[in-house]
Amino acid sequence: MLSGYHVSRRRFVSTAAAAPFVIGGAPGVLAQSASPAASPAASPVSGAVSITSEPWGKLDDLPVERFHLKNAKGMEVAILTYGGIVQSLMAPDRNGTFANVVLGFAKLEDYVAKSPYFGAIIGRYANRIAKGTFTLDGNTYHLAINNDPNSLHGGNRGFDKYVWDAKPSQTADSASLMLSRTSPDDEEHFPGTLQVTVTYTLKNDNSLAIHYTATTDKDTIINLTNHSYFNLAGEGSGTVYAQQMQLMASHFTPTDATAIPTGQIAPVAGTPFDFTQPHAIGERIRDGSSEQLLFGHGYDHNWVLDRPGPDDKSLIVAAKTADPTSGRVLTTQTTEPGVQLYTGNFLDGSFAGTSNKIYRQGDAFTLETQHFPDSPNEPKFPSTTLKPGETFDSTTIYTFSTQ
Ligand code: BGC
């Protein structure tokens, strides 16, 4: 029975929670709630800021909850305690019609069985580490090779596959959900016990901020991001190739054929990687003269954000993306040095998403703010080492507007 759990949970919930769904299934196995998907065409009613929650199934006997953060303008974000997943994000178009602009699933069991990191928190190390090997303080560590021949997104069971503790709060202007977990020493063979928090804050200016903090008890490496797959025309509406992308980056990190950076910081000028001025995402994506596009099966690269100096960690605009049809605009700000633009190249049409539409290549883009891939093996890249006594602190803000 979950009733005691619900009572304490509701202490934090400031408006009436949605009617709880019935949870079934045997202990120790995944049990799915009968919760419906957020309707992509629904228009949330505007009003006061609120945060509510509902049971959303179980993982290994642990209850999973779905939190609904809503602002006064009717923008609504659904976040799962499983993986800190942004399950749905309702944003208005230029006529005020809301659509769910992130890819995902309507059921927990689909996230567990087949999600390519939809909407999830990625850690301890977002993106790749070459051959799953790195050396720190003279010790060599071997991570799981889960993306042959490399390690990807924290290994076999990264932060996206755990149930996090959740603490909601709100002000007149914002709804927040703080997720936290302790990642034990040697988890996925990373050194050090890591205390991590990830706080999502939805504000009345239609911004969704993600604030990450972490501390460690041993020298370790860290790279955290969120893996939301955006489609500004709405999930399941087709490709994002006509959506306009601008990246505030005059350099990128080219890779080898296994998506590991060569170590070069290369200018984008004169290549299909030049998004310093807005371009349709699909405009140059089939340019067969680009070895890098062939290696990535499309865009799947790290751009080096233009910053005033190598040590600058201020919050800057990294990207602006616009959908000419709906008028939705996404502005991405970050304190991170890089951003991975990935164009859903490996969505192969083998499953359907939240609104039961089949997802295919190019149906979304990610803007994974991050330190550069494979930094522990590239001394010239900004460091991803975290030491005891230091606090990892990183912020990314996704703001929705219209044009
Ligand atoms: C990676 C891609 C990968 C995708 C989903 C991205 O961050 O760069 O290569 O396919 O995540 O796993």
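Indexing begins at 1, ligand by ligand and atom by atom, following the structure's order. Treat the numbers as computed from the prediction; the structure is a model and nothing was measured.
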Side-chain donor-acceptor pair present, Ser180, Thr197, cut-off under 3.5 Å | no

Under 3.5 Å side-chain donor-acceptor pair for Asn150 and Asn147 | no

Starting from the C-alpha separation in whole Å, work towards a yes-or-no answer on side-chain contact (heavy atoms from CB on, under 4.5 Å) for Glu76 and Phe98.
-> CA-CA 9 Å; Glu76 192 170 338; Phe98 285 78; over 6 Å; no

Check: every ligand 1 N/O to protein N/O pair under 3.5 Å:
from, atom 1, to, atom 2, distance (Å)
ligand 1, 7 (O), His153, NE2, 3.0
ligand 1, 7 (O), His227, NE2, 3.1
ligand 1, 7 (O), Glu368, OE1, 2.6
ligand 1, 7 (O), Glu368, OE2, 3.1
ligand 1, 8 (O), Arg128, NH1, 3.3
ligand 1, 8 (O), Asp300, OD1, 2.6
ligand 1, 8 (O), Asp300, OD2, 3.4
ligand 1, 8 (O), Gln340, NE2, 3.4
ligand 1, 9 (O), Arg128, NH1, 3.4
ligand 1, 9 (O), Arg128, NH2, 2.6
ligand 1, 9 (O), Asp300, OD2, 2.4
ligand 1, 11 (O), His153, NE2, 3.0
ligand 1, 11 (O), His227, NE2, 2.8

State whether the side chain of Asp137 and the backbone N or O of Asn139 hold a donor-acceptor pair below 3.5 Å, judged by distance alone.
-> no

So which of Asn226, Thr369, Thr335, Thr332 actually passes side-chain hydrogen bond (donor to acceptor under 3.5 Å, both in side chains) with Thr396?
-> Thr369

Could Arg157 and Tyr162 be counted as a cation-pi pair, given that NZ or CZ must be under 6.0 Å from the ring centre and within 45° of the axis?
-> yes

